[in-house]
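What follows is a short report on a single structure.
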Amino acid sequence: MPPDGWRNKRMRIKEFFFDRNNDIIKFMKTKIRKIDKNQIDETIIQEAGEILKEGGLVAFPTETVYGLGADALKEQAALKTYAAKGRPSDNPLIVHIAEYEDLKRIAVNIPAETDILAAHFWPGPLTMIFEKSPSVPYGTTGGLDTVAVRMPSDPVAQALIRAAGGFVSAPSANTSGRPSPTTAEHVAEDLDGKIDMILDGGAVDIGLESTILDMTVTPPMILRPGAITAEMFEELIGEVSVDETLLGDESEKAPKAPGMKYRHYAPKAKLLIVEGDLREEILAIRQLSYAAYREGRQAGIIATAETLPFYKYGIVKNIGTRENEKTIARNLYRVLREFDEEDVETIYSESFAVQGMGKAIMNRLEKAAGHLRISAAAVVKRQKYRRITFVGKTDCARAPMAAEILRHYDLKQEYVVDSRGLVVLFPEPVNQKAEAIMKSAQMTLADHVSRQFDAENLQDDALILTIDENQKNKILSEYGREYNVYTLNEFVEDDTEIPDPYGKPLTAYGECFEVLRGLVGRLADKLDSLVEEEE
Ligand code: AMP
Ligand code: MG
């Protein structure tokens with residue numbers, strides 16, 4: 001355990017760096033240096049190394065996220081790190097090394113499996129925890145007798161560690177509580193004026209923090225999931241365990257990595273993870289974002305390349321492709337930061353499979369959400385119909401007119417509204433007289449093309465409304481009775497006959513339009529009243 005003096009020293013540092021409001025005092029000019037990892041400029045590295053040796057702070061790229069570097073063997077430097085980040089000082093730092101030999105100088109009682117793990121995963125996104133040697137100050141370990149060690153693979157990180165003397169403590173280079181930085185710009189957003197230098201090596205590769213494996217227990221225990229997964233460890237060293245507090249919010253116990261107890265990565269808006277099968281998640285998020293839109297707000301949506309086209313309302317951001325979860329890991333923190341710039345109160349996120357890297361993605365996403373989840377199925381159940389299809393004979397006049405009239409209503413829920421015909425031999429534009437009448441009512445069917453009704457139109461969430469009895473009966477006899485098929489008159493309980501204007505003068509189309517307008521108005525009321533009943 002740390003000696004008593006440690007805490008007093010910490011207090012003095014605190015007074016020096018913080019003003020009365022506990023805000024860090026901005027007083028530094030932060031140098032920003034671009035650096036190319038394929039062609040490292042040694043003079044920049046030397047300059048940065050000197051800063052670290054003198055006890056200063058340098059942010060630098062690693063393959064996981066940007067780190068905020070300090071000399072790991074200097075107590076003062078660690079305390080500065082906590083101050084710059086506004087991080088609670090019981091949250092220990094990871095010590096970064098560039099040579100495997102150097103592990104022995106900071107750790108003792110290193111278990112045998114370490115060699116195998118290091119041979120496979122170092123340099124790389126793995127942090128291992130060992131008993132600390134006396135050379136590591138308690139400032140660096142947050143008062144613990146153990147030390148977390150990683151060997152990063154990014155060439156800039158390696159060069160900097162060597163230039164600094166071999167031991168660089170580095171938490172993520174963000175303000176505590178903000179999403180971790182994956183670009184130098186993110187670092188500057190949070191730490192400009194609070195640290196000596198930022199090495200700008202461009203965007204990082206992985207985008208999520210390292211896997212943390214506690215080597216002081218048997219079997220070793222994963223304290224934080226990352227790009228290196230339990231399965232990858234188990235292939236090499238047999239069983240590993242997983243800190244049970246990582247699995248959800250139900251656990252009462254404190255997580256074993258002190259940092260995991262804090263609400264990390266939090267965006268300003270309330271983030272909710274929508275859980276279910278993907279189809280339901282999409283439907284639920286559509287419903288929720290439409291509800292926000294109706295109240296004059298914009299919801300944020302975290303979507304994937306595959307699901308992007310399904311969202312019409314709200315501010316939608318693409319987090320990557322479901323075919324490659326690495327893209328999702330890489331973009332997660334950037335997307336969360338970008339939402340802080342948007343005027344959104346609530347963000348809905350799709351969820352991701354909890355396998356391999358997906359475990360780390362969901363772990364970070366759930367932390368960002370403060371474990372707020374909603375069941376997609378429960379949201380979806382509240383909306384009985386999602387598609388409304390008007391069916392006429394040719395899909396050239398009455399059915400498309402009814403559809404377009406309905407689309408002009410500001411309904412309480414979002415519906416896909418369209419029309420079909422039972423006898424469509426080839427696609428045709430709308431009847432010209434019908435279009436003339438629509439235009440006189442400030443509507444248009446200029447983009448409409450007639451389409452044949454088929455089995456695909458009969459989904460559980462589809463409401464099929466036919467123009468007359470014949471069409472209804474034909475659908476029932478052909479496809480069975482288990483679908484929601486009604487005549488428009490029947491559904492709205494109004495038997496005003498819909499006249500057939502075909503071959504008649506323009507005025508007949510006008511009369512037909514008026515009847516449709518009346519019936520569709522009743523339909524809109526009925527749809528909204530169905531929503532009220534369910535609420
Ligand atoms: P960051 O620097 O933001 O990647 O956070 C470092 C993480 O490593 C935090 O969650 C710490 O709590 C954890 N950590 C560092 N050292 C130890 C240690 N000795 N024992 C357990 N967890 C540690
Ligand atoms: Mg962090």
Side-chain angles (χ1 to χ4, degrees), residues 1-2 57 59-70 72 77-78 80-82 84-97 103 106-110 124-133 136-152 154 157 167-182 186-187 190-191 204 206-217 220-228 241-243 245-246 253-266 332-333 336-337 360 363-364 367-368:
M1 274 290 124
L57 303 179
F60 62 99
T62 82
E63 68 277 24
T64 57
V65 299
Y66 270 74
L68 177 56
K80 268 194 188 175
T81 307
Y82 292 121
K85 279 179 65 77
R87 171 167 173 151
S89 52
D90 66 344
N91 187 355
L93 310 177
I94 295 172
V95 180
H96 292 67
I97 57 174
L103 175 61
I106 51 176
V108 296
N109 293 331
I110 299 168
L126 169 63
T127 296
M128 288 190 270
I129 292 176
F130 307 99
E131 284 173 39
K132 84 174 191 71
S133 79
V136 184
Y138 281 109
T140 299
T141 67
L144 297 177
D145 288 307
T146 52
V147 61
V149 188
R150 176 163 110 81
M151 191 194 290
D154 186 291
F167 303 92
V168 173
S169 63
S172 49
N174 53 316
T175 298
S176 199
R178 291 266 285 154
S180 292
T182 55
H186 295 166
V187 178
D190 287 10
L191 300 179
V204 302
I206 295 173
L208 297 181
E209 303 83 350
S210 57
T211 306
I212 300 181
L213 187 66
D214 184 353
M215 301 300 288
T216 68
V217 294
M221 183 187 279
I222 295 179
L223 306 189
R224 178 171 78 183
I228 299 176
S241 62
V242 177
D243 183 358
T245 64
L246 296 181
K253 291 186 200 148
K256 300 230 164 33
M260 299 297 279
K261 72 173 177 264
Y262 296 106
R263 183 172 173 217
H264 259 150
Y265 328 119
L332 174 62
Y333 291 143
L336 292 177
R337 276 180 182 261
N363 167 264
R364 305 306 196 277
K367 285 181 64 153

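Each ligand, and each atom within it, is numbered from 1 in the order the structure gives. These figures come from a predicted structure and were not determined experimentally.
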Would you call Phe167 and Thr140 a side-chain contact if the rule is heavy atoms closer than 4.5 Å?
-> no

Is the distance from the Mg ion (ligand 2) to the nearest N/O/S atom of Ser172 under 2.8 Å?
-> yes

Ligand 1 to Asn91, heavy atom cutoff 4.0 Å, flagged ligand atoms 9 (C), 11 (C), 12 (O)

Ligand 1 contacted by Glu131 (non-hydrogen, < 4.0 Å) | no

Just jot down the ligand 1 atoms closer than 4.0 angstrom to any heavy atom of Leu144, in number order.
-> 18 (C), 19 (N), 20 (N)

Is there side-chain contact between Asp214 and Asp243, with at least one heavy-atom pair below 4.5 Å?
-> no

For the atom pair CE (Met221) and NZ (Lys256), what is the distance rounded to the nearest 0.5 Å?
-> 4.5 Å

Which one holds for Lys85 and ligand 1: side chain close, backbone close, both close, or neither close, with close meaning a heavy atom under 4.0 Å?
-> neither

Hits for ring-ring contact (aromatic ring centres under 6.0 Å, His included) against Tyr333, two or more places apart or cross-chain, chain-then-number order -> Tyr265

In terms of atom number and element, which parts of ligand 1 are under 4.0 angstrom from non-hydrogen atoms of Pro171?
-> 1 (P), 2 (O)

Please confirm whether Lys132 comes under 4.0 Å of ligand 1, counting heavy atoms of the residue only.
-> no

Should Thr141 be listed as contacting ligand 1, given a heavy-atom distance under 4.0 Å as the test?
-> no

Residues that Asn363 engages under side chain to side chain donor-acceptor pair (under 3.5 Å), provided they are two or more places apart | none

Can you list the ligand 1 atoms lying under 4.0 Å from a non-hydrogen atom of Ala148?
-> 15 (C), 16 (N), 17 (C)

Residue pair Glu209 / Ser172, side-chain donor-acceptor N/O under 3.5 Å | no

Which bit of Val65 is near ligand 1, meaning a heavy atom under 4.0 Å away: side chain, backbone, both or neither?
-> neither

Sub-4.0 Å atoms of ligand 1 with respect to non-hydrogen atoms of Ser172 = 1 (P), 2 (O), 3 (O)

For Asn174, does its backbone N or O pair with a side-chain atom of Lys85 as donor and acceptor, under 3.5 Å?
-> yes

Hey, is Ile212 touching ligand 1 through its side chain, its backbone, both or neither, going by heavy atoms under 4.0 Å?
-> side chain

Would you kindly say whether Arg224 and Thr127 are connected by a side-chain donor-acceptor distance under 3.5 Å?
-> no

Of Asn174, Thr146, Leu68, the one whose closest heavy atom lies nearest atom 19 (N) of ligand 1 is Thr146

Under 3.5 Å, is there a donor-acceptor pair between the Arg364 and Ser180 side chains?
-> no

Interatomic spacing from CD1 in Ile206 to OG1 in Thr182 - rounded to 0.5 Å | 12.5 Å

Considering the heavy atoms of Lys256, write down every atom of ligand 1 situated less than 4.0 Å from one of them.
-> 21 (C)

Side chain, backbone, both or neither: which part of Arg224 has a heavy atom under 4.0 Å from ligand 1?
-> side chain

